[in-house]
Amino acid sequence: MSTVSYKNKDAYSSSSGLPDKMAVFQECLQQFNATPVKTKKCRQLLAKLLRLIYHGEEFPPSESTTLFFSISKLFQHKDSSLRQLVYLTIKELSSSSDDILMVTSSIMKDIQEGDVVYKPNAIRTLAKVLDATTVFSAERLFKNAIVDKNPIVSTAALISSYNMLPNAKEVVKRFTNETLETIQSYKQFPKDQFQLHEYYGSSTSNLPATSYMYQYHALGLLYHLKNHDKMALMKLITTLSEGSSLKNSLSIIQLIRYINKILIDDESLITHLYPILSGLLKHKSDMVELEACKTLINLQHLIKDDQFMSIVTTLQKLLGVPRTATRFAAIRLINKISAKHPEKIIVVNIELEGLINDSNRSISTLAITTLLKTMGAGTIDSGAGGENVDRLISKMTSLMDEITEDFKIVIIEAIENLALKFPSKHKKLVAFLTDLLRDDGSLQLKTSIVDALFDLIKFLPEASAKQLILMNLCEFIEDCEFTELSVRILHLLGDEGPNTSNPSYYIRHIYNRLVLENSIVRSSAVISLAKFAAVCGGDVSKNIKILLSRCLNDVDDEVRDRTALSLKFINSDHKKLIVSGSKYDLAALESKLTHYLNETDFASSFDINEVPLLSSEELKSIEYNKKINKLESSNADASESNDNVKGSKTEDDRSGSDNLANDLLKQQEYAQELSQVPEFADYGKLSKSTLTPKYLTDKENEVVVTVVKHFFIESQKLVLQYDVTNTLPRSLIQDFSVIAVPDNELYEEDFIIPLAELKPEQTGTVYISFSTPSIEDEDLLAAFGNTINFINREIIDDEGNVDEADEGYTEEFGIEDLEVLPGDFLAPLYNSNFSAAYDQLPHHESSVVTISGVNSLENAVSSLRSSLNLLPLDGSDYVPSDTNSHVLKLFGKDVWGGKVGVLIRLALTGGKVVAKLEVRAETDNFSTAVANGAY
Amino acid sequence: MSLNISLYTISAVLILDNEGERLYAKYYNQGPSQENGGEVHFQTLSQQQKFESSIFGKINKVHQDIVLYDNHLVTYKQTNDIILIIVAKINENESLIYSTVANLFESLNILLDNTIDKSTIVSKYDLVSLAIDETVDDGIIVEIDPAIIVSRVTKAPKFEPGIHVDGDKGLFDAFSFASKKISERLQQGF
């Protein structure tokens, strides 16, 4: 009878085969309350219920409670297979019902005297049912279960205790001894463990006697009980790593992670702990080997080079295993190493080449991108690397026919990056790209190639490279089916072509377009030609005028319009209207416009002059930075980007915007804030602000003070913006002021705008204005000694009022000094030819300094870069790790508009980095200031 | 790179069918503890479904075993018309997670008599959900050996205990059985 009604209800189920929620609910109530309970039927019903839950259905609290009540009826039944499923259901329902506590006693009874089959399930469910107040009643139970001889019961108890940690840490702490005992004990499955399923039949002899999983769970729990006691933790790690007390791979992985954690907190322990880790580089389980490699790579700054090689050897072995996941993991790690130390993994090149054809696309992508990096590293100091690049490129050329377009795009990006990082290799790489450009391909593919070539034109220093690419592009548009690409290339030809040695070559190609193409291409060809006329002048200009005059009779009116306009400009010599050397900063323009629109009155017209103009050089710096950032971030998601090119591009944009363009925006915000202060109204335009506030106090101090320096160069003012945060919950701060004393007499304090009152958890600002020396003055740099002074009054009620009678007490103490450094007067600027620009600068000065606080060339470079606030050029921020000397080329401009170039020769001797700075600038004083104040 | 030092390893276990519809989906909210940096993923049903459909589009019929997707490490096994997926954090040990998914797959294979497909999973859902519960609980890996996972899953009871009454025939049988017994007793007694 019941079977019939059951089938009927199934007929109402939804199309996806999911049972109807209400029908299942009703039937559950019916069947669970029936006597006697029908075991098989109920188990099926519970399975249906679970299916609903795992599908994402939820029962409203009232129904959930009813359901819970009827399920608890099933506790009367002894059948263990039903009971096991009941526990799972209760566990899943426990989050949505408020009445779970009522089953506590039934569960506890089961744990004490129930069947071993469902005892572990009961224990795990109990942890869900208990709360902080009832957990005490189960303490004894858990203790017994943890030390139970059956590994599964023990595991269940350990997991449950672990889950209870957030709610009942105090109780769980009392299990420490039991947990310790468990880690080191040997627990075996009971004899009948495998008798439930006939599948195993007679072959019980091959079955494991134990899996030691309890070691993993016990170790996990123990760590949390002891993690505040470093000594105990060290002792635990040492005992467990000795011999083979940990049998379970997962527990060894866990142990490795704890070692890693300890080393992050205290690096000096590496000598003690390295032997353990290196021992695990050779283990029978590849997951342990992987974890050891991962950890050691994270800690690579702590280990020696020859020790590093043993990691590489292990990874090399893992690259050859049949398991995809392991190969993937190994190559992911190798790729990670290659980002910083490509020279260390040259030994695995052969394996990597084998993996280019791997069936897993993530692996082959990573193999290629890694190879490209190691090739580059190989070629940078030794001449022998050239063959490698040839081989790789021929390998990839043959591969290109077989792979999908998405994947080709990844390779194109990798090639571009390689060419940017190692400009000397550009010829072969450009040839590879242009060959690819000639082959058939979709618009998307061609666009990515053209993008890559565009970037190379912009950033490759040699003029010959530029010429080579431009010529190839000219050839490409001869036979290009994509209008939008032709237009882009014509635009670029117009920008770059006039400055090359043989503009007439390009003019011929462009003119061909005028004759042969559709109207859109023709009109952009017109503009492009006009640029040649404007820049080159002379005969070229005359000839172009003749060419253009023919276009006046074009059939398309857009072409005619553009031609007429261009001719007019050329004839009247309005060069600026055709070729503009600068662009508005779009981010700043946008924020200004938004601001303007929000000021509803529109009384004054929008002043375009407030938006900073970026010269093409500055624009290039921004783009260059973006490019480099992208290059670096692409390492992280190289594997992801193969299927997901679009997705990763947006990501790159986001990370890319994190630099110069963003800095300009930040600067705009500061300017906006300062313009609100009437005292600074006549200071003029804000020249430069330091971008990251500097902490002058500990971040945990009662008042946290940060400072930002603002320079107004026109009016020779420096405004120090002290942001003050009151972290005291019960204090009101009044009359807060800062006394800043400069050590340079040329800095004179004008006035201070103190802070009248600061409530708890609030942040306020104190401004101090100084008159500064000008660029002609001897001493530009200064240090300010800072003292803060305020009245602290206690808050007596919840509204934040203070006792009027109590006058509070005055506090005054010194905080950290603030320095005005050369970097404050500098901004990064891109220049594609460092040596030429550097040699042109008239004033130079040099100095030798020891850079303190760094132990590697790499750190020294990044520290110099950020302290001088200049842009590294010619890829000189990349330091090969096997050298002891390095040349860093930094370039930028000062706030007065002069260019500054710094050539720094670094040498690493005896763990110290010595730097010889040669500074060239447009003013004598400033080069001295930079050379002396750099460090 | 944040280091995961807790036992919470698995973010989700999923079984999807050949159209990407979920057959089984369990996301583990890895505790309110500070260890996961306050990150909460997949909180709402729609977020979860969005994730499932996009991951399905990426891995369906592409036998790669392992991919990185949307800042997650995704390992999977596809067969017939279902995919078994385990999702973990991006920095998890790839080999460990893949072993988990492969071994869970293996144990399902044993439990479902070598026929892992959609209809078998639906009809033996009790075995499937128990097997997953014995492998991963709250994001903690409970057991990784397939033989042991299988040994932990109880089979459905074979018969209904108690008085078995099956329609009219059953009543008739019972009646005839009773009358036979009574007549036997009567004969013996005398």
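Chain identifiers are assigned alphabetically (A, B, ...) following the order of the sequence lines, protein sequences preceding nucleic acid strands; residue numbering begins at 1 within each chain.
With a 4.5 Å cut-off on non-hydrogen atoms, A:Tyr87 does not touch chain B at all. In this structure, chain A has heavy atoms under 4.5 Å from both the backbone and the side chain of B:Val142. Proximity to chain A (any heavy atom under 4.5 Å) is shown, for B:Ser129, by both the backbone and the side chain. Residue A:Leu165 does not touch chain B at all, counting heavy-atom pairs closer than 4.5 Å. Residue A:Leu250 touches chain B through its side chain alone, counting heavy-atom pairs closer than 4.5 Å. Contacts between A:Leu88 and chain B at a heavy-atom distance below 4.5 Å involve the side chain alone, from C-beta outward. Residue B:Ile97 does not touch chain A at all, counting heavy-atom pairs closer than 4.5 Å. When heavy atoms are compared at a cutoff of 4.5 Å, A:Glu92 approaches chain B solely by way of its side chain, counted from C-beta outward. For B:Glu52, no part lies near chain A; criterion is any non-hydrogen pair under 4.5 Å. Only the side chain of A:Ile152 comes within contact range of chain B, with heavy atoms under 4.5 Å apart.
Inter-residue side-chain proximity for B:Val122 and A:Arg51 is flagged as met; some heavy-atom pair is nearer than 4.5 Å.
Side chain of B:Asn93 to main chain of A:Met287: a donor-acceptor pair is present (N/O by atom type, distance under 3.5 Å, no hydrogens or angles). The backbone N or O of B:Asp133 sits less than 3.5 Å from a side-chain atom of A:Arg124, completing a donor-acceptor pair. Checking side-chain atoms of A:Gln84 against main-chain N and O of B:Arg152 turns up a donor-acceptor pair under 3.5 Å. For A:Gln254 (side chain) and B:Ile5 (main-chain N/O), a donor-acceptor pair under 3.5 Å exists by modelled atom type.
Of all the listed residues (A:Ser80, A:Ser249, A:Pro120), the one sharing the greatest number of non-hydrogen pairs under 4.5 Å with chain B is A:Pro120.
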Evaluate salt bridge (Lys or Arg N to Asp or Glu O under 4.0 Å) for B:Asp137 paired with A:Lys91, printing each intermediate quantity in order.
-> CA-CA 10 Å; B:Asp137 185 19; A:Lys91 194 153 69 95; 2.7 Å; yes

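Using a 4.0 Å cut-off between charged nitrogen and carboxylate oxygen, A:Lys294 and B:Glu92 do not count as a salt-bridge pair.
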